[in-house]
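What follows is a single structure, written as structure tokens, with notes after it.
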4 protein chains.
Amino acid sequence: MPRPRSEKIRQSVLAAMRRALAAEGYEAVTIEGLAAEAEVSKQTIYRWWPSKAAILGEALLEGALPGAADPVPATADLSADLRAWFTAVSDGLAQPEGLAVARALIAVTTADPALGAALNERFAGPIAAGIVERIDTARAAGDVRADVDATVLAEQFIAVASYEALLGRPLDRDRVEAVVGIVLRGIAAG
Amino acid sequence: MPRPRSEKIRQSVLAAMRRALAAEGYEAVTIEGLAAEAEVSKQTIYRWWPSKAAILGEALLEGALPGAADPVPATADLSADLRAWFTAVSDGLAQPEGLAVARALIAVTTADPALGAALNERFAGPIAAGIVERIDTARAAGDVRADVDATVLAEQFIAVASYEALLGRPLDRDRVEAVVGIVLRGIAAG
Amino acid sequence: MPRPRSEKIRQSVLAAMRRALAAEGYEAVTIEGLAAEAEVSKQTIYRWWPSKAAILGEALLEGALPGAADPVPATADLSADLRAWFTAVSDGLAQPEGLAVARALIAVTTADPALGAALNERFAGPIAAGIVERIDTARAAGDVRADVDATVLAEQFIAVASYEALLGRPLDRDRVEAVVGIVLRGIAAG
Amino acid sequence: MPRPRSEKIRQSVLAAMRRALAAEGYEAVTIEGLAAEAEVSKQTIYRWWPSKAAILGEALLEGALPGAADPVPATADLSADLRAWFTAVSDGLAQPEGLAVARALIAVTTADPALGAALNERFAGPIAAGIVERIDTARAAGDVRADVDATVLAEQFIAVASYEALLGRPLDRDRVEAVVGIVLRGIAAG
DNA sequence: GGATAATCGAGACGGTACGTCGAGTCTTTCC
DNA sequence: GGAAAGACTCGACGTACCGTCTCGATTATCC
């Protein structure tokens with residue numbers, strides 16, 4: 001009997017969050033401002049989301065996520081694949097929205113580590129999984145040493161990307177090359 | 001001619017910042033709370049520091065900084081040296097204060113990228129320099145490939161440490177081992 | 001649609017103002033103190049009143065006002081009537097609250113002449129009107145000279161009362177007698 | 001042996017007070033502003049004056065005081081004399097500085113009745129004395145009834161002037177005429 | 001002609017209040 | 001019952017003056 005939650009409202013709040021994120025940065029976003037921007041009452045926001053961070057999480061889940069949208073290619077050439085993928089990620093972080101989103105994710109995590117960890121799991125998890133899978137394929141093909149921990153490696157890429165986003169200093173071609181080069185040699189089969 | 005600035009007050013504010021950081025996290029720190037904790041008037045804080053972040057910066061410059069206090073050893077064994085250093089850094093981030101400080105640094109950077117970059121330069125810079133120096137020594141000794149960019153490598157370590165601090169998931173022995181292992185093989189001479 | 005303004009809060013702020021006025025005097029009244037005393041948030045006060053003076057004005061409009069409560073009697077004896085009325089006014093100013101209110105009115109006026117003039121119009125106006133009316137009646141009865149400006153006369157009484165309130169030196173019987181005596185003779189019909 | 005108090009400084013503070021009074025009104029005057037304006041240190045002000053009001057008092061004692069500078073004329077015509085004097089007083093209150101000074105006096109009194117009473121005694125006293133003297137002369141000449149209390153009468157004039165200053169509505173020719181007319185008839189000998 | 005002692009400028013300092021902002025919660029009315 | 005509108009409490013913001021407190025640096029006097 002009760003009136004169902006309005007999907008339109010939900011979308012307009014998430015959209016407002018995405019816009020605000022790019023425009024002012026996560027810390028500067030206020031629930032009040034979001035409500036005004038989305039033409040929704042504060043109460044409605046508080047009814048459906050427990051925190052600003054939760055809105056961010058939902059907004060990211062539904063919007064384009066830099067990195068998430070970049071699946072690791074799987075040609076026969078591991079080196080070229082990683083290079084291509086990492087380049088795509090860097091390009092994503094070079095876009096204003098991509099940078100804003102990544103930073104927002106970092107900001108949330110410093111404020112609420114538990115939630116941050118959950119969000120991270122949600123977003124970085126699949127990315128890491130993609131890399132691990134690609135490495136495993138390469139290992140099966142004999143291109144990668146048997147004792148390499150693919151998880152550690154995936155995290156290394158993610159850490160570098162995250163750090164560069166934090167500093168707002170996206171990696172250029174050369175640095176991508178250098179990072180991939182070092183790591184690849186580190187894991188290449190004897 | 002006027003009464004000189006009180007060094008005692010300065011120290012007590014910085015100490016209050018360090019205590020608050022460990023106890024509540026950077027975002028939860030309040031100028032008002034700081035003033036109360038340091039038994040100093042708000043006005044005095046506003047007179048000498050332009051922002052919460054500036055206090056943090058100064059507090060870090062004068063207090064123990066995790067990582068900064070850990071110089072890279074320089075024995076004949078590059079592998080052992082990096083392992084020892086990175087272990088020390090990880091241990092620093094496993095301490096509550098070390099973790100709090102690192103997270104605070106990250107939080108500041110998301111809120112004010114320019115200032116964050118400056119602080120980062122100030123703190124991460126010397127650390128990176130230490131690593132670069134160690135690598136160069138190793139290169140001179142023929143242990144490292146000539147074409148390796150030591151700067152990229154240093155940043156890789158810092159990025160990993162930073163990312164782990166962000167997630168509050170300090171590296172254990174095995175992960176340190178894995179990271180150093182991969183990187184080392186990646187740069188090892190022929 | 002929104003929740004309506006709370007009348008209870010409004011009353012409790014006005015009451016706090018009246019209490020504070022009598023206890024400490026207008027200048028010593030603080031918005032912060034008012035909020036605490038009325039158990040209301042500062043924000044709520046700022047939402048509804050633009051200034052301390054505005055609260056005072058409203059408080060007076062609704063509370064007992066010395067002088068306002070004393071209508072000019074209208075027996076056949078003009079002299080007795082004015083004497084009785086002016087005695088009542090003096091008695092009002094001899095009460096602590098009456099004195100506090102009168103002084104507050106004066107204090108507001110020195111700080112914000114425009115507002116003060118408005119308040120004065122609001123409070124002194126009706127009083128003056130009462131006197132003017134009584135004089136006109138007397139004039140019709142042939143007790144007062146035709147050329148007397150009743151307005152000037154009314155203001156003379158009010159000015160004396162105001163001045164005595166300012167100095168906190170309420171008029172005693174004899175002075176009331178003297179003032180009324182002089183004025184009455186001055187206006188008596190030939 | 002010690003260096004004596006600087007008269008120059010004293011004067012410059014008093015001058016600053018007079019200027020500030022006319023420019024912003026008594027309540028808006030701050031010790032800090034006074035110090036800046038007079039190019040004197042706060043400490044020096046606090047050394048020599050216990051309060052803002054004390055500075056005002058001293059400034060008035062030495063500066064031109066409206067009314068104080070207007071002695072009651074003493075020709076043979078009491079009516080003309082009072083008219084002339086009260087006109088002069090009204091004119092003084094019509095000047096910006098005169099008005100500012102009178103209002104400042106009133107403001108001080110509402111804030112600190114005791115000090116206000118003292119200042120009033122100091123300033124209004126001589127004026128009242130002048131009127132009383134003139135009335136007494138007139139009485140001796142048989143122009144004024146024997147039973148008239150000259151003090152009450154003097155205060156009546158002062159009260160009217162004060163009230164008009166408070167409201168910032170200086171008396172014009174006609175009102176001066178009306179006030180003096182009523183009072184004079186009220187005290188005229190049989 | 002120094003020594004000396006209070007004056008003075010500058011401004012640091014602990015307070016108190018200012019007026020504003022946003023976080024969350026609550027209440028009313030409309031749909 | 002969902003939603004808009006906005007009243008309400010709370011806590012922090014950054015600012016302005018208050019009155020007190022050091023600090024040199026600067027004079028007048030008096031030996």
Mind calculating the distance between CD (D:Glu27) and C1' (E:dC18) to the nearest angstrom?
-> 16 Å

More 5' along DNA chain E: C:Lys52 or B:Pro4, using each one's nearest nucleotide?
-> B:Pro4

If you look at every strand shown and take non-hydrogen atoms under 4.0 Å, does D:Ser6 touch a base, only sugar-phosphate, or nothing?
-> sugar-phosphate

With respect to the side chain of A:Ile31, which nucleotide from E:dG24, E:dC8, F:dA4 is positioned closest?
-> E:dG24

Closest to the C:Thr30 side chain, choosing from E:dC18, E:dA12, E:dT25 = E:dC18

So does D:Ser41 get a side-chain nitrogen or oxygen closer than 4.0 Å to the phosphate oxygens (OP1/OP2) of E:dG11?
-> no

Answer yes or no for B:Arg5 and B:Trp48: cation-pi contact, defined as NZ/CZ to six-membered ring centre under 6.0 Å and angle to ring axis within 45°.
-> yes

Check every strand shown and say whether D:Arg5 touches a base, only sugar-phosphate, or nothing at a heavy-atom separation below 4.0 Å.
-> sugar-phosphate

Hey, does the side chain of A:Trp48 come within less than 4.0 Å of F:dG2's phosphate (OP1/OP2), counting only N and O?
-> no

Can you find a pair of side-chain heavy atoms, one from D:Tyr26 and one from C:Thr110, that are under 4.5 Å apart?
-> no

Flag if over 12 foreign heavy atoms under 6.0 Å of CD, D:Glu24 | yes

Nucleotide nearest A:Glu32 (side chain, heavy atoms from C-beta), chosen from E:dC18, E:dA23, F:dA3 = E:dA23

Residue A:Gln43, side-chain atoms from C-beta onward, closest of F:dA5, E:dG15, E:dC18 | F:dA5

Measure from CD on B:Gln11 to P on E:dC13 and round the result to the nearest Å.
-> 13 Å

State, to 0.1 Å, how close D:Val40 and D:Thr44 come at their nearest heavy-atom pair, and which atoms those are.
-> CG1-CB, 3.9 Å

Options F:dT27, F:dT20, F:dT9, nucleotide nearest the side-chain atoms of D:Arg3 | F:dT27

Nucleotide nearest C:Lys42 (side chain, heavy atoms from C-beta), chosen from F:dG14, E:dC8, E:dC18 | E:dC18

